[in-house]
Peer 1: 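I have a structure I would like to understand better, so I am pasting it below and will then ask my questions one at a time.
Values below: all heavy atoms of this structure, side chains included; hydrogens, waters and symmetry mates excluded.
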Amino acid sequence: MDDSKAHLTESIGETAHPTTQSAVASPAAPELANLLTHEDVDRARDRWEVARARSKGGRFKKIANVRLLWLLVGPGVLVFLGENDAPSMLSYSADGSRFGIGFFIPFVVLTFVMGFIVQEMTVRLGAVTHRGHAELIFDRFGKFWGFFSMGDLVLGNFLTLITEFIGVRAGLGFFGVRPSIAVGGALLIVVAAITTGRYWTWERITLSLAIFNGLFIPAAILARPDWHAVGHAMVTWMPLPHGNRYEILVMILATIGATVTPWMLFFQQSAVVDKGMQPRDINAGRFDTALGALLAAVFAIAAILATTPLFHHGINAADFQGAQFAEALEPLIGHLGAALFALGIFEAGIVAAIAISTSSAYAFGEVLQTGHSLNRPLREAWPFYLTLLGSASAAAALVLLPRFPLEFVVLTVNVIAVLAMPPALAFLLLLVNDPEVMGEHVNGFWANVAGVTVTILLICAGLGFGLATVFPKWLGG
Amino acid sequence: MNSDYARAAESHREVDETAPDSKQITLKDPRAVLSMLEVDQVVAAKRRTHFGRQRLSLRTRVLLWCLRVYVVLMLVIVAISVVRALHPGR
């Protein structure tokens, strides 16, 4: 603890380590009251609701526990349903349409387990330090490594944002909506979500949109999948994909990139901080993250199942985009199924556009040390909102350019996400193993084994892709 | 930690009695605001304090540099693969 923190801590009557103490008001508290902001008040209100749910006992205990989870669930579900975005759902759809029911179904489950392992660490980091990921990287590793890390994030986020608007355009294109109206409407939804000036409201609006990711479930049911084959695949990982091995490798990489990406680390940690979560909420945060991973895995598998009729009918979906998938599915699973699929792609694009633009804005705010909270009004945190809207607007505008290489972006975005992930994971692991930052919540042995294993797997997948690209004959390409 | 939790719970109870509605938590009652937040959650505290720089060991620096080189090389490879995908003849 440095001098200024010690001074502040004394002013509110506390002396122990700040990451484990509640700021109990003391007679000296009014001194600090002048420094309180709108953001503090909103966060205190959220914490008050949590404290009230926690303090309930007796016969209302069970209801209070459900209410407590309802209050604390959010960042984990949002990050995973946000990552079930347009390019991710298209990756899953490509898996289903090209290889049917088999290897990719359990593989998707594995990727979400990997996702849970790394995202759980961000929950602890955020709840213990009350600082965003970018801020911690700059603080602990300095500007040099911080800017590298931000470079990866900015590039990845912007390319991904473009693909979200491609998804919006493609999804609504199935219903004959003009691209400018689809993209403009999506941008208005992003604006509407942030005009509330309250993290809690933003989170609930985005969650209520995100749950429509479940549209892929009825679409999958309408595709009448062979449930016996699904069970067999889950147990045996068979049949393995066959065909061009280089393309299979790219699809494996894209499927990993559909679940584990750098923006998720930055977003969830910042959202945990903005939500005001504390160390005592870590278990609820784990539940939130596990619930998000579970829902997202189910919806991802549904997307694979929804497109397996294309595989059974031998329809080549190699270069399909959102609307083309829906159009190709229409004669096979009916208009309703195809419409649900197209709406699912649209929803995936909208929710991810909100989450990813917010992730960029959080990171910029943390690095520039300006207000970076959805609890802040526009006048107090205009650079934060400007970054959020600026990145979303720029991505939306590019999608409408007549000769913009959309195909290029879609091809690369998930692969770039996987390749940028190992350095991001290295910083994450260094931070969660840092006792000065984490105190007693430092990573345990098995968390490190899991984290390092995920990192090594991602590096191996990336190296395999690199070798296969440089030496195509190696894989018979 | 248990004692910290107990103290936090105590403070929450105090507010429960004095502020029956969360809407009453306003800037006019800083005690209620502060009682709900940890020291490090207050924006003013966060602005004034930073975690110091971590001393990176040589092994850690080598690891970070290797990962950086890995990313740059991989981006070049992605560019190659995209060019090939967009222009199959090349």
Side-chain angles (χ1 to χ4, degrees), chain A residues 2 4-5 8-9 12 14 18-25 29-30 32-33 35-37 39-41 43-45 47-49 51-52 55 129-131 136 139-142 145 148 152 276 278 280 407-408 411-412 415-416 419-420 422-423 426 430 434 436-437 440 459 462 465-466 469-470, chain B residues 1 4-5 7-16 19 21-54 56 60 63-64 67-68 70-71 73-86:
Chain A
D2 64 24
S4 57
K5 188 180 285 185
L8 184 73
T9 306
I12 55 174
E14 290 293 332
T19 58
T20 58
Q21 296 292 313
S22 176
V24 181
L32 190 68
L35 299 173
L36 289 178
T37 62
E39 181 183 340
D40 294 315
V41 176
R43 196 160 291 136
R45 284 182 182 151
R47 293 308 306 172
W48 186 88
E49 296 287 347
R52 202 167 65 130
S55 66
T129 65
H130 305 304
R131 270 138 171 106
L136 277 184
D139 270 7
R140 293 303 273 166
F141 307 115
W145 292 111
F148 267 133
D152 294 343
Q278 298 176 351
R280 57 178 7 208
E407 195 184 344
F408 167 87
L411 273 173
T412 53
V415 174
I416 288 178
L419 300 177
L430 286 170
D434 185 342
E436 280 185 51
V437 170
E440 66 182 283
I459 291 173
F465 165 75
T469 304
V470 178
Chain B
M1 278 306 291
D4 298 332
Y5 285 161
R7 198 183 330 195
E10 190 60 40
S11 74
H12 295 153
R13 267 195 292 279
E14 185 186 331
V15 170
D16 210 2
D21 189 337
S22 70
K23 285 175 186 160
Q24 291 186 14
I25 295 181
T26 66
L27 278 173
K28 289 176 188 165
D29 186 5
R31 275 166 48 88
V33 175
L34 289 171
S35 68
M36 287 295 121
L37 301 175
E38 292 190 334
V39 175
D40 252 15
Q41 273 184 297
V42 180
V43 173
K46 284 206 276 188
R47 269 206 205 116
R48 290 161 62 169
T49 61
H50 295 280
F51 286 95
R53 281 281 288 275
Q54 184 182 355
L56 295 175
T60 308
L63 171 77
L64 292 177
L67 289 171
R68 182 50 46 198
Y70 163 88
V71 169
L73 284 179
M74 286 300 159
L75 286 178
V76 173
I77 287 170
V78 167
I80 294 169
S81 72
V82 168
V83 169
R84 278 188 192 158
L86 295 178

Peer 1: Please report the closest heavy-atom contact between Tyr70(B) and Gly462(A), naming both atoms and the distance.
Peer 2: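 Minimum heavy-atom contact is OH-CA, 3.4 Å.
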
Peer 1: Go through it in stages, so that I can follow the logic: the residues are Arg47(A) and Val33(B), the test is side-chain contact (heavy atoms from CB on, under 4.5 Å), and I'd like the CA-CA distance, side-chain angles, deciding distance and then a yes or no.
Peer 2: CA-CA 9 Å; Arg47(A) 293 308 306 172; Val33(B) 175; over 6 Å; no

Peer 1: Where on Leu136(A) is there a heavy atom nearer than 4.5 Å to chain B: the side chain, the backbone, both, or neither?
Peer 2: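 For Leu136(A), the contact with chain B is made by the side chain alone.
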
Peer 1: When only pairs under 4.5 Å are counted, which of Val78(B), Leu64(B), Val71(B) shares the most heavy-atom pairs with chain A?
Peer 2: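 When all of Val78(B), Leu64(B), Val71(B) are compared, Leu64(B) has the most.
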
Peer 1: Of the non-hydrogen atoms in Gly142(A) and Arg53(B), which two are nearest, and what is the gap between them?
Peer 2: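 Heavy-atom minimum between the residues: N-CD, 3.3 Å.
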
Peer 1: Search all heavy atoms of Met36(B) against all heavy atoms of Ala44(A) and return the closest pair with its distance.
Peer 2: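 Heavy atoms of Met36(B) and Ala44(A) come nearest at CG-O, 3.5 Å.
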
Peer 1: With sequence neighbours excluded, what pairs up with Asp434(A) under the salt bridge (Lys or Arg N to Asp or Glu O under 4.0 Å) test?
Peer 2: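 Partners of Asp434(A) under the salt bridge (Lys or Arg N to Asp or Glu O under 4.0 Å) test: Arg140(A).
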
Peer 1: Going through the checks in order, is the side-chain contact (heavy atoms from CB on, under 4.5 Å) test met by Gln278(A) and Gln41(B)?
Peer 2: CA-CA 9 Å; Gln278(A) 298 176 351; Gln41(B) 273 184 297; 2.6 Å; yes

Peer 1: Go through Arg43(A) and Val42(B) one step at a time and tell me if the side-chain contact (heavy atoms from CB on, under 4.5 Å) criterion holds.
Peer 2: CA-CA 9 Å; Arg43(A) 196 160 291 136; Val42(B) 180; over 6 Å; no

Peer 1: Got Ser81(B) and Phe465(A) here, is their nearest side-chain heavy-atom distance under 4.5 Å?
Peer 2: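 Yes; the side chains approach each other to less than 4.5 Å.
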
Peer 1: Thinking salt bridges, do Lys46(B) and Asp40(A) make one under a 4.0 Å N-O criterion?
Peer 2: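 Salt bridge: no.
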
Peer 1: Going by heavy atoms in the side chains, are Arg68(B) and Phe148(A) under 4.5 Å from each other?
Peer 2: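 Yes. Closest side-chain heavy atoms under 4.5 Å.
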
Peer 1: Output the distance between atom CG (Leu67(B)) and atom CH2 (Trp145(A)), rounded to the nearest 0.5 Å.
Peer 2: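 If we round to the nearest 0.5 Å, Leu67(B):CG and Trp145(A):CH2 are 8.5 Å apart.
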
Peer 1: Between Gln54(B) and Phe141(A), what is the shortest heavy-atom contact and its length?
Peer 2: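 Closest heavy-atom pair between Gln54(B) and Phe141(A): OE1-CE2, 3.2 Å.
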
Peer 1: Would you find a donor on one side and an acceptor on the other, under 3.5 Å apart, between the side chain of Asp139(A) and the backbone of Phe51(B)?
Peer 2: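 Flag set: sc Asp139(A) to bb Phe51(B) pair under 3.5 Å.
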
Peer 1: Restricting to side-chain contact (heavy atoms from CB on, under 4.5 Å), what partner residues turn up for Arg47(B), sequence neighbours left out?
Peer 2: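 Listed in chain order: Arg376(A), Val43(B).
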
